[in-house]
Each structure stands twice: as structure tokens, then as C-alpha cells.
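Sharing a structure below in C-alpha cells format, with a few things to ask.
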Amino acid sequence: MQRWPLWDNCSITAKLWLSFAVLFLFFTMASVAGFVGLAVVRSAEDDIVANMDIRGRVLELEGQLEKARRLYRDFILNAPLIGFTQAQERFNQPALAVAARVIALSEDLRRAIAGLPPGSAIARRKVDMNFFTSTAKRFSQTLLSENELVTVIGDPDTGLEAQLAATLSGLGACLAGLPQAAFPLREVDILVRQYQLTRQRPVMQAASNKIEALRRLVATEAAHDQALQAEAARLFESFDRLAARLLDTVAAMSANANDFALQGKAVDPISEEFKRVTAGDVARAKERILWASRIAGGIILLSALLGLGSVILVGRMFHMAITSKIVALTQYASTVRDGNLDVAVAVSGGDELGILAASLNAMNRRIRDLVVNLEDKVLKRTRELVGKNRELDEKNRVLAVLSLTDRLTGLCNRRKLDQFLAAEWRRAERYDTTFTVIMIDIDNFKDVNDTFGHGIGDAVLVRVSDILMVVARDTDIVGRWGGEEFLLICPETTIEEARKLAESLRREIGETLFPGVGHLTASFGLADYEADAGPAVLVGRADEAMYRAKESGRNQVVIAPSSGVGRAQELPAAQPGTSLPGGRTASNPGSGGRGDGGEPGCLPAAGATPLGEDGI
């Protein structure tokens with residue numbers, strides 16, 4: 001047949017039609033058998049898909065319910081740790097989105113089951129399905145209700161806890177003139193904080209009892225101050241009202257939690273039954289597919305044997321007319337792919353393959369012309385990209401430095417100090433080494449701000465920072481802890497070596513003449529690593545030691561006691577009127593405390609819980 005001129009001059013399409021016409025008869029039988037088998041298989045596959053879809057929706061609904069419970073649990077647990085607003089963004093809002101997803105999934109599941117054939121096992125369980133989807137909706141409604149209750153309690157602006165804190169702050173300001181009220185107020189504050197952590201009703205009742213005791217104290221000690229009594233009575237009434245609302249809201253939250261547990265117990269058995277029923281339907285559909293596949297396979301095998309001879313004949317016909325030319329084109333394409341653009345394909349003829357060969361040769365010549373220009377453009381763009389990357393790397397480096405540096409003093413900021421503290425603490429814990437931290441607070445800094453202005457106060461902070469950088473050793477880490485407080489981390493340093501360094505800093509600060517202010521002093525608290533539970537504990541001990549230095553008259557270096565042992569070891573304090581470095585005299589001890597001025601940039605460290613300038 002290949003020597004026939006008519007065959008050689010036919011197009012590939014005509015050759016294909018002629019060849020497939022010969023094979024059509026043999027494949028018709030196989031097609032009929034395959035069609036019948038396919039219809040059976042398709043019906044079974046539809047059942048499998050429908051049941052697997054329902055099973056998947058049930059599993060997804062289960063997963064979404066569990067995800068919502070977990071997110072809400074994480075919100076409750078983490079809100080006291082990271083703050084209400086951040087916890088709401090990270091956990092509560094995703095939980096509400098999941099709850100909305102649960103409602104949508106329940107509706108989708110209801111529609112999917114409604115579309116099943118009437119004889120399916122799932123379709124016969126309409127009652128369970130209705131109960132399952134209604135329970136899912138009830139869960140979402142309960143979660144929304146719980147979210148409203150949590151917002152009522154924990155919103156930082158209008159929440160009950162925020163209002164309660166504001167009321168306590170108002171009581172502190174109102175009763176500032178009654179020294180007897182300071183300790184009971186502190187007890188009330190501690191009880192309220194304890195209730196926020198434990199949610200135990202007796203704790204809040206104890207706080208209310210303390211408020212009642214304060215009410216009697218005000219009535220006794222301030223009997224002649226009618227204005228104070230009226231303001232205190234208003235604040236006492238506000239506290240009682242807020243405490244009662246807080247207890248009721250927490251009780252409603254507990255009821256919702258119980259509702260969550262009951263819903264889980266009701267939904268889980270139904271979900272397991274749905275999965276079991278869908279698995280049974282899938283198994284029966286697979287049996288139908290197996291039966292249909294065996295029958296159709298036998299018929300197809302017979303048709304294939306009959307057509308095998310025809311396939312061999314058609315193959316030989318196509319080899320010389322088409323395949324050999326395709327091989328030549330393939331070899332040409334491989335050569336071009338390897339980068340050799342100087343070749344040409346040697347295929348001729350009047351069919352599509354001959355036309356294709358001529359087109360490829362023309363395209364190859366055009367590609368050679370374009371490659372040269374493209375390489376020049378790529379080189380230019382590459383150089384531009386390298387320059388932009390360098391510029392971006394430099395900007396990223398500057399941003400990295402700014403994110404870890406205090407903008408006023410140029411020292412490490414609180415974030416960088418936390419990183420160094422964590423690293424030194426892990427090193428000391430692993431290798432049993434020691435290191436010491438020094439907490440520094442400028443004495444009477446609030447008076448500087450109040451008298452000379454914040455501009456002079458900032459200049460004082462910058463000057464103190466310069467002194468710390470000059471006197472500190474190269475291996476020490478110096479940073480601004482917050483406000484007028486500074487922190488030194490001294491690696492591989494004993495407490496005695498750190499004390500000498502602190503004394504040097506104390507003398508240098510005391511001898512420095514600050515422009516526009518004069519001489520200032522600073523109080524120092526030292527603590528070394530003693531297998532502390534964490535960096536916060538170590539810093540808290542140093543902070544407590546610094547607090548004691550202020551209580552003892554300021555301008556002192558105080559070493560924190562060992563963990564859990566006794567009081568701080570205080571160096572001899574300079575007495576009023578005695579000579580201090582720089583030719584000055586010691587001032588009279590003040591009320592002490594960390595409230596010498598300046599608002600700290602971060603929360604107080606663990607182990608130090610002052611609320612105001614008097615440490616209350």
C-alpha cells in the first residue's frame with residue numbers, strides 16, 4: 001500500500017480516517033459492552049460520591065465544631081495573658097467565623113441528603129439528620145451568646161472588668177487621704193485580680209466584704225468630710241453593682257459551657273451512625289462496580305483480540321507514512337532543545353508533516369535572531385535587579401536596627417533586652433554558669449520633668465545612657481527598660497563584680513553635672529542567676545532590690561537575696577548630711593517606690609507589683 005501514489009499523496013487526516021474505518025467494526029462491540037458497563041459503574045459511582053460527600057460534610061462539620069470549641073477555649077485561656085483585644089483577634093473572631101461556617105455546612109448537608117435517592121439509608125434517617133443540623137445551629141447560637149458575654153466582661157473600654165478597675169482606681173484617689181484605707185484597698189485589688197483568674201464566686205464575695213469594711217472605715221474616719229463620704233459611697237455602690245453583674249455574667253457563661261458539653265454528647269453518636277451508614281452504602285456500590293467490570297471486561301477482551309490483527313496492519317502502514325517522519329522531527333526538536341540552532345530538519349512531502357518541517361526551519365531561523373537580542377535585555381535587567389536587591393537589603397538592615405533600638409537613647413529597647421535575657425538565662429541553665437542583671441532607676445526623675453519640662457528630662461535620659469555605655473564593659477548589654485529605668489545584663493559576672501560595676505555607675509552619675517538640672521542620683525538593684533524559673537523572675541528580683549534601695553533613701557546599690565531566702569542585702573546607706581561623691585550631701589529619705597517619675601514603657605516585671613507612686 002505504501003507504493004501506491006494515491007496513498008503517498010493523501011493527507012494525514014485522510015490516512016487516519018481510512019485506517020480507523022477498518023478498525024471501527026471491531027471496536028463497536030467493545031464500545032457497546034463498555035457503555036453498558038459504564039452505565040452501571042457510573043450509577044454506583046454516583047452513589048459512592050454522594051455518600052462520600054455526605055460523609056465528608058459530616059466529618060467537616062464535626063471538625064468545625066471541634067475547631068470552634070478549641071478556638072473559644074484558647075480565647076478564654078489566653079485573654080488574661082495576651083490581652084482581650086489581641087485574644088479576640090487571634091481566637092474569638094476566627095471562632096465566630098467557624099460558627100458561621102458550621103451553619104452553612106449544616107444547610108449544605110441538609111440539601112445533600114435531600115438530593116439522595118429515596119431508597120438510600122441516609123435518606124431514611126431524616127429525624128436524626130434534622131436533630132444533627134439543628135444541634136449544629138444551636139452550637140453556633142450558643143457560641144455567639146458566649147461571645148457577647150465575654151465581651152461584656154472583658155472589653156478593655158466598656159467591659160465589666162475595666163469598669164471595676166476604674167472604680168478601684170477612683171477609690172484609691174478618693175481615699176488617698178486615709179492611710180488606714182491603703183491596705184484594704186490593696187487587698188480588694190488582689191482579690192479582684194484573683195477572681196479574674198479563677199472565676200471563683202467566694203473570691204469576689206471576699207472582695208465585697210472588704211469593700212463593706214472600707215465603707216465602715218470611711219464612715220468612722222471621715223465623719224466630718226461630707227464630700228469624701230458622698231464620693232466614696234457612690235464608688236462603693238458602683239463596685240457592688242459591677243461585682244453583681246460580673247457574677248451573673250460569669251454564671252451565664254458557665255451555663256453556656258455546660259450547653260456546649262451536652263451538645264457534644266448529643267451530636268457525636270449521630271455523627272458516628274452517619275459514618276457507619278455511608279460506609280455501608282459505599283461498600284454495596286463497590287460490589288456493583290466489581291460485577292459490571294467483570295462482564296464488560298470479558299466482552300472488551302474478546303473485541304481486542306479480534307482487532308489485534310487489524311492494529312498490526314494499520315501500524316505498518318503508518319510507520320513509513322507518518323512515524324518515520326515524526327521520528328525525524330523529534331530528533332530535530334531534541335537538537336534544538338539542547339541549544340543547537342544551526343540545524344535543519346530533512347523532511348519533505350505534500351502532507352501536514354512536510355509543511356510542519358518547513359515551518360520549523362523558518363521558526364528556527366527567527367529564533368536565532370531573537371536570542372541574541374534577548375540575552376542583551378536579560379543581562380541589562382539582571383544588573384538592574386542586583387542594584388535593587390542591594391538597596392532593599394540595606395533598607396532591611398536599617399529597619400532591623402530600628403526595631404531593636406530605643407529611639408531616644410540609642411540603647412537596646414525592651415524587646416532586644418528580652419531576647420538577650422532569654423539567651424543568657426538558657427545559657428546559664430544549660431551550662432551552669434552565672435550572670436547578673438542590674439536594674440537602675442533615676443531618683444526623683446518625676447520632679448525633673450515637672451520642674452524643667454520633658455525636654456530637659458529627655459536630655460537627662462540621654463546623658464545617663466551615655467554614662468552607662470562608657471562605664472559598662474564591652475561584654476555587658478545596656479538597654480532602656482522603660483521610662484527612667486535602665487537594665488544592664490552582665491554575662492559571666494558574679495554578684496560582687498556586678499556590685500563594683502554598679503558602684504562605679506552610681507558614683508559617675510552622682511558626680512555628673514546635668515545641664516539645667518544639676519546633680520542627680522540613681523538607685524541600683526542587683527540579682528544574679530540562681531536557677532530562677534525564668535528571666536522574668538530574675539528581673540523581678542533585681543527590680544525588688546532596686547525598690548528597696550529607693551525605700552532606704554535612694555542613691556544606693558542593693559543586692560537581691562537568694563531565691564526564697566530572707567530580705568535583700570543592703571549596702572550601708574548614706575545618712576542625711578553626710579558627704580557623698582561629688583561634694584554633695586545625702587538627702588532625706590522620701591516615700592520611696594518606683595514612682596519617681598516617668599511612665600514605664602512596658603508592664604512591671606514579675607516580682608514587683610506597685611500600682612502608684614506610693615507602691616500601692
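Positions are given from 1, in the same order as the sequence printed here.
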Sub-3.5 Å donor-acceptor pair from the side chain of Thr409 to the main-chain atoms of Leu411, do we have one? yes
Without swapping roles, check the side chain of Asp443 against the backbone of Lys550 for a donor-acceptor pair under 3.5 Å. no
Main-chain N/O of Lys416 paired to Asn413 side chain as donor or acceptor, under 3.5 Å: yes
Quick one: list whatever passes side-chain contact (heavy atoms from CB on, under 4.5 Å) with Thr451, sequence neighbours left out. none
Give a yes or no answer on whether the side chain of Glu424 reaches the backbone of Leu421 with a donor-acceptor pair at less than 3.5 Å. no
Thr220 (side chain) donor-acceptor with Arg216 (main chain) under 3.5 angstrom: yes
With a 4.0 Å cut-off, would you call Arg541 and Glu530 a salt bridge? yes
Look at the side chain of Arg480 and the backbone N and O of Gly483, then say whether any donor-acceptor pair between them is shorter than 3.5 Å. yes
So CD1 of Ile509 and CD1 of Ile442: to nearest 0.5 Å the spacing works out to 7.0 Å
With the threshold set at 4.0 Å, does a side-chain nitrogen-carboxylate oxygen contact exist between Arg499 and Glu496? yes
Roughly how far apart are Gln194 CD and Asp189 CG, rounded to 0.5 Å? 11.5 Å
Using the salt bridge (charged side-chain N to carboxylate O under 4.0 Å, His left out) rule, take Arg426 and Glu429 through it: C-alpha gap first, then chi angles, then the decisive distance, then the call. CA-CA 5 Å; Arg426 288 194 297 268; Glu429 183 181 43; over 6 Å; no
Hey, are Arg415 and Asp418 close enough for a salt bridge, meaning a charged N less than 4.0 Å from a carboxylate O? no
Is there a donor-acceptor pair under 3.5 Å between the side chain of His519 and the backbone N or O of Gly510? yes
Within a reach of under 6.0 Å around CZ of Arg245, are more than 12 heavy atoms found that belong to other residues, nucleotides or ligands? no
Qualifying side chain to side chain donor-acceptor pair (under 3.5 Å) pairs with a residue from residues 466-477, counting only residues at least two apart or across chains: Arg473-Asp476, Arg473-Thr493
Salt-bridge present (Arg507, Glu511; N to O < 4.0 Å): no
So, are Glu503 and Lys500 salt-bridged, with charged N and O less than 4.0 Å apart? no
With distance as the sole test, does Trp425 use its side chain to make a donor-acceptor pair with the main-chain N or O of Asp532 at under 3.5 Å? yes
Does a side-chain N-to-carboxylate-O contact under 4.0 Å join Arg234 and Glu231? yes
Would you say that more than 12 heavy atoms from the other residues, nucleotides or ligands in this model lie under 6.0 Å from the CG of Asn389, or not? yes
Within the 4.5 Å heavy-atom criterion, are Leu538 and Phe435 side-chain neighbours or not? yes
May I ask you to check whether Ser523 and Asp441 show a side-chain donor-acceptor distance below 3.5 Å? no
Main-chain N/O of Ser552 paired with Gln556 side-chain donor or acceptor, under 3.5 Å: yes
Do Cys490 and Leu501 have side chains that approach each other closer than 4.5 Å (heavy atoms only, starting at C-beta)? yes
